[in-house]
Amino acid sequence: DKGGWSSFMAKEINEQPESVENTVRGRISGGGVVIPELAELGDERLRSIDRIIIIACGTASYAGQVAAYAIEQWARIPVEVQLSHEFRYRDPVLSDRTMVISVSQSGETMDTLMAVKYAIERGVTTVSVCNTQSATIPRESDAAVYTHAGPEVAVASTKAFTAQITALYLVGLHLGRVRGTISAEESAQAVAQFEELPAKLREAVDTHEQVAQLAHWMADTRSVLFLGRHVGFPIALEGALKLKEIAYIHAEGFAAGELKHGPIALIDHGQPVFVLVPSPRTAPLMHSKVVSNIQEIRARGARVIAIVEKGDTAVLPYADDVIRLPLADALFEPLLQVIPLQWFALELSTVKGLDVDQPRNLAKSVTVE
Ligand code: F6R
């Protein structure tokens with residue numbers, strides 16, 4: 001049941017304020033994060049972990065890339081993200097102090113399941129971040145941290161993505177608490193961010209109208225680029241993946257700093273570029289770098305669509321369109337920034353007359369390797 005929406009994808013984008021709230025529910029206690037499923041592994045084991053490898057495919061891997069920054073910051077454990085289907089073939093360096101966290105909406109993705117089985121054989125601790133209750137991957141893993149986003153029907157993942165980032169952040173905060181690497185203030189600050197998130201996500205969802213207009217004007221566009229820095233980089237990749245998947249146009253995401261190392265040659269007159277602009281309050285250095293990136297591409301004719309925090313006026317002289325989002329700490333911005341990009345893909349797909357929920361050549365769950 002689409003609940004009055006034109007597609008399941010639209011319904012699921014709209015559900016994000018509630019689905020993220022559901023991911024957090026029951027996992028905050030006394031100003032800190034406690035995930036009962038992780039607590040069951042025993043604090044001693046969690047304290048012994050010296051390396052985390054996140055394995056996932058597609059959108060789930062981008063959730064992992066976003067969360068890697070947060071987990072490293074809070075738990076002070078090196079985190080790397082590997083695509084499930086690449087993991088086994090590199091003879092990964094694993095030990096009994098390694099934790100492998102798999103991320104999968106369906107919990108049935110064969111590439112990820114095979115990677116998890118490989119990790120289990122090698123004796124590492126396996127944690128599954130999964131949206132589907134009792135799916136194969138969480139059943140095989142040492143601990144299952146469910147995202148509780150509710151069923152996701154549209155092939156293009158939206159609410160599962162924000163729920164995955166949220167669940168992984170909670171894992172990072174739990175580990176940080178147990179390992180003593182996060183201060184009580186920092187933990188309370190993150191918990192406050194989670195509490196404020198549903199209202200902010202609602203505001204981000206409300207960019208729909210503005211983004212729909214944009215997609216309407218850009219109906220004939222054949223290529224779109226996305227730029228981000230730090231946690232904005234995987235969001236750029238995710239924005240591009242959504243467009244490829246459901247609007248069938250060429251799209252690419254770049255780390256903003258990488259522009260001058262090659263991709264800037266792609267910029268010519270009228271090339272649309274979405275730029276995820278970090279907060280000038282909480283990430284001033286990154287903010288100024290991204291603003292200069294915007295100046296560089298604008299000078300070469302790009303059509304700049306800047307996604308900024310409300311009140312950021314630095315980009316106004318150089319942006320053709322500005323999408324404003326509520327204020328959030330730097331690590332929490334991706335959860336808001338991805339929403340206008342989800343709407344953009346949906347609206348571009350719609351103006352092109354395509355099937356938003358059932359894109360060609362794709363299945364919701366990829367159960368073959
Ligand atoms: C993108 C998308 C895919 C999945 C990927 C992993 O919108 O849906 O990239 O994210 O196939 O699927 P799960 O999370 O079920 O393992």
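First listed ligand is number 1; within each ligand, the first listed atom is number 1.
Annotation: atom 12 (O) of ligand 1 to nearest protein heavy atom, Thr109 OG1, 3.5 Å. Atom 2 (C) of ligand 1 has as its closest protein heavy atom Glu245 OE2, 3.6 Å. With respect to atom 3 (C) of ligand 1, the closest heavy atom belonging to the protein is Thr59 N, 4.1 Å. Ranking protein heavy atoms by distance to atom 11 (O) of ligand 1, first place goes to Val366 CG2, 4.4 Å.
Counting heavy atoms only, Gln105 comes closest to atom 14 (O) of ligand 1 of the residues Gln105, Gln164, Met9. Considering only non-hydrogen atoms, atom 5 (C) of ligand 1 lies nearest to Cys57 out of Ala56, Ser106, Cys57.
When each atom of ligand 1 is checked for a heavy atom of Gly58 under 4.0 Å away, the hits are 9 (O). Atom numbering of ligand 1 starts at 1 in the shown order; those under 4.0 Å from a heavy atom of Ser104 are 13 (P), 14 (O), 15 (O), 16 (O). In summary, the atoms of ligand 1 found under 4.0 Å from a heavy atom of Ala60, numbered by their order in the structure, are 10 (O), 14 (O).
For Lys242, every heavy-atom contact with ligand 1 shorter than 4.0 Å involves the side chain, none the backbone. Contacts of Thr112 with ligand 1, taken as heavy-atom pairs under 4.0 Å, are absent altogether.
Heavy-atom separations between Ser365 and ligand 1 are all 4.0 Å or longer. Residue Glu108 places every heavy atom at 4.0 Å or more from ligand 1. Note on ligand 1: Thr132 sits outside its first shell, no heavy atom being nearer than 4.0 Å.
Salt-bridge annotation for Asp1 and Lys11: absent, with no side-chain N of the basic residue lying under 4.0 Å from a carboxylate O of the acidic one. Between Lys200 and Glu203 there is no salt bridge, since no side-chain N of the basic residue sits under 4.0 Å from a carboxylate O of the acidic one.
Crowding of His269 atom NE2: a count of heavy atoms from other residues, nucleotides or ligands under 6.0 Å not exceeding 12. Within 6.0 Å of the CZ atom in Arg25, the count of heavy atoms belonging to other residues, nucleotides or ligands exceeds 12.
Note: no N/O pair closer than 3.5 Å links Lys364 and ligand 1 by distance alone. For a threshold of 3.5 Å applied to N or O pairs, the pair formed by Ala156 and ligand 1 contains no separation below that value.
With sequence neighbours left out, Arg88 forms a salt bridge (charged side-chain N to carboxylate O under 4.0 Å, His left out) with Glu369.
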- Show your reasoning for whether side chain to side chain contact (heavy atoms under 4.5 Å, CB included) applies to Ile305 and Val273. CA-CA 6 Å; Ile305 304 126; Val273 186; over 6 Å; no
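To the nearest 0.5 Å, atoms OG (Ser84) and CD1 (Ile137) are separated by 7.5 Å.
Just one residue in the list Thr126, Val116, Val129 forms a side-chain contact (heavy atoms from CB on, under 4.5 Å) with Ser102, and that residue is Val116.
Put simply, the side chain of Lys159 gets close to the backbone of Ala149: a donor and an acceptor are under 3.5 Å apart.
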